[in-house]
Amino acid sequence: STVVCARCGGRLCFGRSKGKRGDYYDYFFCVARQQKRNGCDLPWLPAHEVEMAVEHCYRRLTLPAETAETLRFQLDAILAKRSAFATAEREHQRQRLAQLQREQDKILKLHYADALPFEKVAEEQRRIARQSEEAVRILEAADVEAKLVMDNLEAIISDLTSPVTAYRSGSAATRRY
């Protein structure tokens, strides 16, 4: 919990209690009061009131536009380096797949020329298949990672620029735990 007691500075924790009629009540309580550490007298607080107070604080927080642009520029530079690495890795894996295909073709030619026994052909085919699958997994992972990073960059900047919007978009569980 990042919410603290206004009276003693102790942490506020979320709780849920079941009332006599079976209804549930969401609330926050001061951990220091519960553990009788400092004589705090803060009563339990309805969760919606604490959430409104947090939202009010977040409304006052803003990332200046120039800072957001600087951050965007720096992140773009980092992503460009990472993208260059990913591009090089993809090219390496494509070359690896092409090499494995050439090896497979050579093995088949040797087998057809009766220069390589079937057992050795089967062994080599299994090795090539394993290495090909690994190369394809690496290629797919590099593609997914690059797309995820780029897709999330603007969302991250937006959340930093307007934390209240990010807070509001979170579920109750996200806001409370």
Side-chain angles (χ1 to χ4, degrees), residues 1-4 11-16 26 28 31 47 50-51 54-177:
S1 172
T2 57
V3 183
V4 295
R11 282 186 343 132
L12 292 185
C13 284
F14 176 75
R16 174 173 280 169
D26 296 341
F28 282 87
V31 174
V50 174
E51 290 172 354
V54 170
E55 189 174 317
H56 180 73
C57 286
Y58 278 152
R59 244 186 250 118
R60 293 187 310 225
L61 295 175
T62 58
L63 185 67
E66 62 190 34
T67 304
E69 279 308 308
T70 300
L71 185 58
R72 184 178 283 112
F73 177 78
Q74 290 172 341
L75 288 172
D76 281 342
I78 291 167
L79 292 176
K81 287 179 185 176
R82 185 139 178 98
S83 178
F85 173 76
T87 300
E89 183 61 29
R90 283 192 294 274
E91 181 57 31
H92 172 74
Q93 295 306 322
R94 285 188 191 105
Q95 290 174 1
R96 182 177 174 201
L97 285 169
Q99 176 62 33
L100 289 167
Q101 184 61 52
R102 287 190 296 274
E103 288 178 23
Q104 190 172 37
D105 293 344
K106 286 179 186 177
I107 289 167
L108 287 175
K109 285 179 186 176
L110 289 170
H111 176 66
Y112 292 145
D114 291 328
L116 200 58
F118 179 76
E119 295 80 24
K120 186 65 176 169
V121 171
E123 179 184 321
E124 285 297 303
Q125 292 288 47
R126 285 191 298 272
R127 177 190 63 81
I128 290 170
R130 278 192 314 274
Q131 290 183 0
S132 294
E133 288 171 8
E134 179 186 351
V136 167
R137 274 194 306 274
I138 292 170
L139 272 170
E140 289 172 351
D143 289 340
V144 167
E145 180 184 334
K147 183 176 177 0
L148 282 174
V149 169
M150 295 310 289
D151 287 350
N152 288 313
L153 175 62
E154 282 306 313
I156 292 166
I157 297 292
S158 174
D159 286 351
L160 290 173
T161 304
S162 177
V164 70
T165 304
Y167 180 76
R168 285 182 189 148
S169 69
S171 68
T174 302
R175 291 189 305 269
R176 295 174 182 173
Y177 295 105

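- For the atom pair CZ of R94 and CD of E89, the computed distance is 10.5 Å after rounding to the nearest 0.5 Å.
- A search for side chain to side chain contact (heavy atoms under 4.5 Å, CB included) contacts involving L108 returns Y112, Q125, not counting sequence neighbours.
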Show me, pair by pair, the donor-acceptor contacts under 3.5 angstrom made by side chains of residues 129-138, not counting sequence neighbours?
residue: Q131; atom: OE1; partner: R127; partner atom: NH1; Å: 3.2
residue: S132; atom: OG; partner: I128; partner atom: O; Å: 2.8
residue: E134; atom: OE1; partner: R96; partner atom: NH2; Å: 3.2

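- The side chain to side chain donor-acceptor pair (under 3.5 Å) analysis of residues 164-173, with sequence neighbours excluded, yields the pairs E55-R168, S162-T165, S171-T174.
- Residues passing the salt bridge (Lys or Arg N to Asp or Glu O under 4.0 Å) test with K120, sequence neighbours excluded: E123, E124.
- Legend: residues meeting salt bridge (Lys or Arg N to Asp or Glu O under 4.0 Å) with D76, ordered by chain and number and at least two apart, are absent.
- With rounding to the nearest 0.5 angstrom, the CG atom of L97 is 10.0 Å from the NE2 atom of H92.
- Annotation: the span from L160 atom CG to I156 atom CD1 amounts to 7.5 Å, rounded to 0.5 Å.
- To the nearest 0.5 Å, atoms CG (L100) and CD (Q104) are separated by 8.5 Å.
- Looking only at atom types and distance, the side chain of Q95 has no donor-acceptor partner in the side chain of Q99 under 3.5 Å away.
- Partners of A68 according to the side chain to side chain contact (heavy atoms under 4.5 Å, CB included) rule, which considers only residues two or more places apart in sequence or in another chain, are L63, I157, T161.
- Within the model, atoms NE2 of H56 and CG of L61 stand 10.5 Å from one another, a figure rounded to the nearest 0.5 Å.
- Expressed to the nearest 0.5 Å, how far CZ of R16 lies from CG of D26 amounts to 4.0 Å.
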